[in-house]
Trainee: 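I have a structure I would like to understand better, so I am pasting it below and will then ask my questions one at a time.
No hydrogens, no waters, no symmetry mates; every other heavy atom, side chains included, goes into these values.
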Amino acid sequence: MTSPARQLPGTKPAPDALLQALRQLAQPVQALTARAQRAVAGQEPLLPALLREIAETVLPREITLCIGQTPAAVLTVAHRRLAGLSLGGTAEAGAAPEDPAAAARLFAARLSRLEAQAAGAGITFRRRPCAAPQGAGSCTAAQLQEALAAASRSPLGTLRSAAAAQALAWIHCPAGAQAPDSGGPPPLLQQLQAVRSAFAASAARPGSARMPAHRPDCLLLPVSPDLRILAAAHEDELLLLALPPGAVPGLIETWDALFS
């Protein structure tokens, strides 16, 4: 019978990820089988199972997630990082943004739609070796989990989080009776407020201080060579962002991922 592992004198503690991997390997086969059976029976939450697959995959793998018997998503994972995620049964062609946080937000938006699709159904994973991803943005399971937590607030909350590092000013009008949130230099806020007022004027009830109900819609206003205003609306929620031109493509990609 083998003796339990112990730390040798004078050695540094193993990194948390390595310790977790060793504990996973030390689990009895029955425990791993039981976990897989729970997933097939729809008793294993989708997102934790996906995050675990990413965190435990070192060699490059193409992982197909099946909901019931239907391929629902394809993940490209290597070195415990997610480098590609497409919905459906085929791998995606386009690369994610190079910035890990931006890649995590893009993947999180797709996973949110996938979670709604699963709705408690059984899940299985099919893995096969693949070439190591080249030139693709990627993120860790922890970064993806953080992006998923941010995305749980609302679609426009996710878009606002994605713009946080680059927005010059913003006005966020949440759904319901919550007061608008804003930030940035007064001149830019005045421009955003003018756009908000124009939206209010087009409401069904002129003079109302509340925004009208919106279908998902995104409008880009080229104010000047150095300034863009992005106006995004979803149901009763409105987000106005003052942005430098270089920040726009990444946010449009995030928007597309949220609502496409």
Trainee: Please report the interatomic distance CG(L251) to CG(L239), rounded to the nearest 0.5 Å.
Mentor: 9.0 Å
Trainee: With a 4.5 Å heavy-atom cut-off, do R196 and F199 have their side chains touching?
Mentor: no
Trainee: Is the side chain of R105 donor-acceptor paired with the backbone N or O of T254 at a distance under 3.5 Å, no angle test?
Mentor: no
Trainee: Would L220 and W170 show up in the same hydrophobic cluster when neighbours are defined by side-chain heavy atoms closer than 4.5 Å?
Mentor: yes
Trainee: Can you name the closest pair of heavy atoms from A147 and A108 and give their distance?
Mentor: CB-CB, 3.8 Å
Trainee: Walk me through whether L111 and L144 qualify under side-chain contact (heavy atoms from CB on, under 4.5 Å).
Mentor: CA-CA 10 Å; L111 283 181; L144 184 56; 3.5 Å; yes
Trainee: Got a list of side-chain donor-acceptor pairs under 3.5 Å for residues 127-134, not counting sequence neighbours?
Mentor:
{"from": "R127", "atom 1": "NE", "to": "E53", "atom 2": "OE1", "distance (Å)": "3.0"}
{"from": "R127", "atom 1": "NH2", "to": "E53", "atom 2": "OE1", "distance (Å)": "3.4"}
{"from": "R127", "atom 1": "NH2", "to": "E53", "atom 2": "OE2", "distance (Å)": "2.6"}
{"from": "R128", "atom 1": "NE", "to": "E62", "atom 2": "OE2", "distance (Å)": "3.1"}
{"from": "R128", "atom 1": "NH2", "to": "E62", "atom 2": "OE2", "distance (Å)": "2.9"}

Trainee: Roughly how far, to the nearest 0.5 Å, is the CD atom of Q193 from the CG atom of L189?
Mentor: 8.5 Å
Trainee: Are L221 and L192 in one and the same hydrophobic cluster, where Ile, Leu, Val, Met, Phe, Trp and Tyr link if side-chain heavy atoms are under 4.5 Å apart?
Mentor: yes
Trainee: Compare every heavy atom of G68 with every heavy atom of T124, then report the nearest pair and how far apart it is.
Mentor: OG1-O, 4.4 Å
Trainee: Check side-chain contact (heavy atoms from CB on, under 4.5 Å) between P245 and all other residues, then give those that pass, not counting sequence neighbours.
Mentor: R228
Trainee: Can you measure from CG (D217) to NE2 (H234) and round to the nearest 0.5 angstrom?
Mentor: 11.0 Å
Trainee: Does anything in residues 181-192 pair up under side-chain hydrogen bond (donor to acceptor under 3.5 Å, both in side chains), and if so which pairs, sequence neighbours excluded?
Mentor: R160-D181
Trainee: Side chains of I252 and D256: closer than 4.5 Å at any heavy-atom pair?
Mentor: yes
Trainee: Measure across I123 and A49 and return the closest heavy-atom pair with its distance rounded to 0.1 Å.
Mentor: CD1-CB, 3.9 Å
Trainee: Give the cluster check for V223 versus L238: same hydrophobic cluster or not, with ILVMFWY residues linked at side-chain heavy-atom distances below 4.5 Å.
Mentor: yes
Trainee: Hey, are the side chains of L188 and L227 touching, using non-hydrogen atoms and a 4.5 Å cut-off?
Mentor: yes
Trainee: Is there side-chain contact between T57 and R80, with heavy atoms separated by less than 4.5 Å?
Mentor: no
Trainee: Taking only residues two or more places apart in sequence or in another chain, which ones pass side-chain contact (heavy atoms from CB on, under 4.5 Å) with Q166?
Mentor: A247
Trainee: To the nearest 0.5 Å, how far apart are CG in L82 and CG in L50?
Mentor: 9.0 Å
Trainee: By the salt bridge (charged side-chain N to carboxylate O under 4.0 Å, His left out) test, which pairs, at least two apart or in different chains, include something from residues 218-227?
Mentor: none
Trainee: So, using side-chain hydrogen bond (donor to acceptor under 3.5 Å, both in side chains) as the criterion, who are the partners of T140 when residues are at least two apart?
Mentor: Q143
Trainee: Does the side chain of V195 reach to within under 4.5 Å of the side chain of L219, using non-hydrogen atoms?
Mentor: no
Trainee: Given side chains that start at C-beta, do those of L156 and W255 come closer than 4.5 Å, heavy atoms only?
Mentor: yes
Trainee: To the nearest 0.5 angstrom, please state how far the NE2 atom of H172 sits from the CG atom of L240.
Mentor: 9.5 Å
Trainee: Under 4.5 Å between any side-chain heavy atoms of P185 and L168, yes or no?
Mentor: no
Trainee: Please report the interatomic distance CZ(R52) to CZ(F125), rounded to the nearest 0.5 Å.
Mentor: 7.5 Å
Trainee: For C139 versus F107, what's the shortest heavy-atom pair and its separation?
Mentor: SG-CD1, 3.8 Å
